[in-house]
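What follows is a short report on a single structure.
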There are 2 protein chains.
Amino acid sequence: MSDTRTRILDLANQLTQSRGFNGFSYLDLAAEIGIKNSSIHYHFKAKSDLALAMVEQHRKTTADSFAQLDHQFARPQDRLTAVIQHFQADLRDGKICLCGMMAAEFQSISVDVRRELALYFRGFQDWLSKQFSELGHQNPPRAALQFLSALEGSLLLARLQGDVTIVSQALDGFVNG
Amino acid sequence: MSDTRTRILDLANQLTQSRGFNGFSYLDLAAEIGIKNSSIHYHFKAKSDLALAMVEQHRKTTADSFAQLDHQFARPQDRLTAVIQHFQADLRDGKICLCGMMAAEFQSISVDVRRELALYFRGFQDWLSKQFSELGHQNPPRAALQFLSALEGSLLLARLQGDVTIVSQALDGFVNG
DNA sequence: TCTTGTATCTACATACATGTAGGTAGATAT
DNA sequence: ATATCTACCTACATGTATGTAGATACAAGA
């Protein structure tokens, strides 16, 4: 895999997180990377192929991150806190969850990408569920869904209001009391 | 105010809720209404004017709806349930919260529209806060923020997974237990 | 050396989005 | 009757998005 391909994916990731997948073009990518837009087509024939590659890659790196958190922190609360801080860090650059962004663009994406997105959220929810299970919650999958929903929604509100603490406010019931 | 202007606003509302504000064009509006795209410009000089008019109108109709719920239902729980059912009804047509959708498109909208969106969410949160206050919550504004975040996030997840019950699952802690 | 693959390029095709300029037809007001 | 307003129109300008066709430079393998 060429370095250029990686650079395209990374840049597309950033732009999707800030502007949405429909918020940038191959011309934007090409200009920033310093090649021609037809060269982007060489790596990703259609933009929908780029979308699929992005979500597939993001699913994998996210799974890795979860595995890493599992052995980095002994307490589930600390893992959840780390997750929250991760999203807050992106938020400071105006970036929100890649897959949340694409979920908002649901109508314009292919069924392949939709399926991949659904798998991402399922993986996220399953991992959260394990954390709440360890914490002794009576209904871990439910708690996981509530955490995930609150996270995605609060990211939208926090960015709009320019206040990253909105995310922690929306989620503090899960990691504390 | 002409009937055409109203039809434009209504259609733009529906399309924003399903495809996002950047997911339709003046040509789409014109084709559906049966006029030319330049006639849309007559009513809304620029697309950003349309955005502003939409959010302003939505703020007003939402405020009216809240006032109506207040005297239609005696118990705050019933009002919250009605709100949830309202969003679930839209969801069955593939439509999610107008302002949630536009919040996701944050980067591409003008500061005027951003301010109007922020006012919408503030109004929503304030009303929710009153409900939780009546219910004896210890921190009503916090509960309101959590409800609102979970609502917006669960709409994205529910639409992606094609399961409206995800919304009630994400919010049942607020209206029950 | 010849062939194949990789990564890029130039040039073009097609479509759409956003708007502007200027005209028209009918209603209303003076 | 004349002037103005409302709501629409045709025609066009400009820019952008997505993508294709075909050429080029260069490296590696048979």
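Numbers restart at 1 for each chain; the letters A, B, ... are given by sequence-line order, proteins then strands.
The residue from F132(B), F174(B), F147(B) that alone fulfils the ring pair (Phe, Tyr, Trp, His ring centres under 6.0 Å) condition with H137(B) is F132(B).
S25(B) is linked by a side chain to side chain donor-acceptor pair (under 3.5 Å) to D28(B), counting only residues two or more places apart in sequence or in another chain. Scanning for side chain to side chain donor-acceptor pair (under 3.5 Å) contacts around R142(B) gives D172(A), with sequence neighbours left out. The side-chain contact (heavy atoms from CB on, under 4.5 Å) test applied to E32(A) returns L11(A), not counting sequence neighbours. For F121(B), there are no ring pair (Phe, Tyr, Trp, His ring centres under 6.0 Å) partners at least two apart in sequence or on another chain. Judged as a side chain to side chain donor-acceptor pair (under 3.5 Å), and not counting sequence neighbours, T81(B) has no contacts. In terms of the salt bridge (charged side-chain N to carboxylate O under 4.0 Å, His left out) criterion, E56(B) has no residue partners (sequence neighbours excluded). Listed by chain and number, the residues in a side chain to side chain donor-acceptor pair (under 3.5 Å) with R59(B) are E116(B) (sequence neighbours excluded).
Atom pair H43(A):NE2 and dG5(C):C1' shows a separation of 13 Å (rounding to whole Å applied). Put simply, CZ on F44(B) is 16 Å from C1' on dT18(C), counting in whole angstrom units. For the pair R7(A) CZ and dT8(C) C1', the interatomic distance rounds to 13 Å; values are reported in whole Å. The separation between I35(A) atom CD1 and dC9(C) atom P is 6 Å, rounded to whole Å. Following rounding to the nearest Å, D49(B) (CG) and dT18(C) (C1') show an atom-to-atom distance of 13 Å. What separates CG of L50(B) from P of dG19(C) is a distance of 11 Å, to the nearest Å. Computed from coordinates, the K36(B) NZ to dT10(D) P distance equals 5 Å when rounded to whole Å.
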*What string of B, S and - do you get for nucleotides 17-27 of chain D 5' to 3' if you count protein non-hydrogen atoms under 4.0 Å?*
SBBB-------

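Screening residues 148-168 of chain A for side chain to side chain donor-acceptor pair (under 3.5 Å), with sequence neighbours left out, gives Q88(A)-S168(A), D163(A)-T165(A), T165(A)-Q169(A).
Using bins of under 30°, 30° to 60° and over 60° for the plane-to-plane angle, the ring pair F124(B)/F87(B) lands in the parallel bin.
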Under 3.5 Å, sequence neighbours excluded: what are the donor-acceptor pairs made by side chains of residues 44-52 of chain A?
from	atom 1	to	atom 2	distance (Å)
K47(A)	NZ	F21(A)	O	2.8
K47(A)	NZ	F24(A)	O	2.7
D49(A)	OD2	A46(A)	N	3.0

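Note on the helix from dT1(C)-dA30(D) to dT30(C)-dA1(D): angle between the axes of the first and last five pairs equals 10°, rounded to 10 degrees.
Near DNA chain D, meaning a heavy atom under 4.0 Å away, there are no residues from residues 106-115 of chain A.
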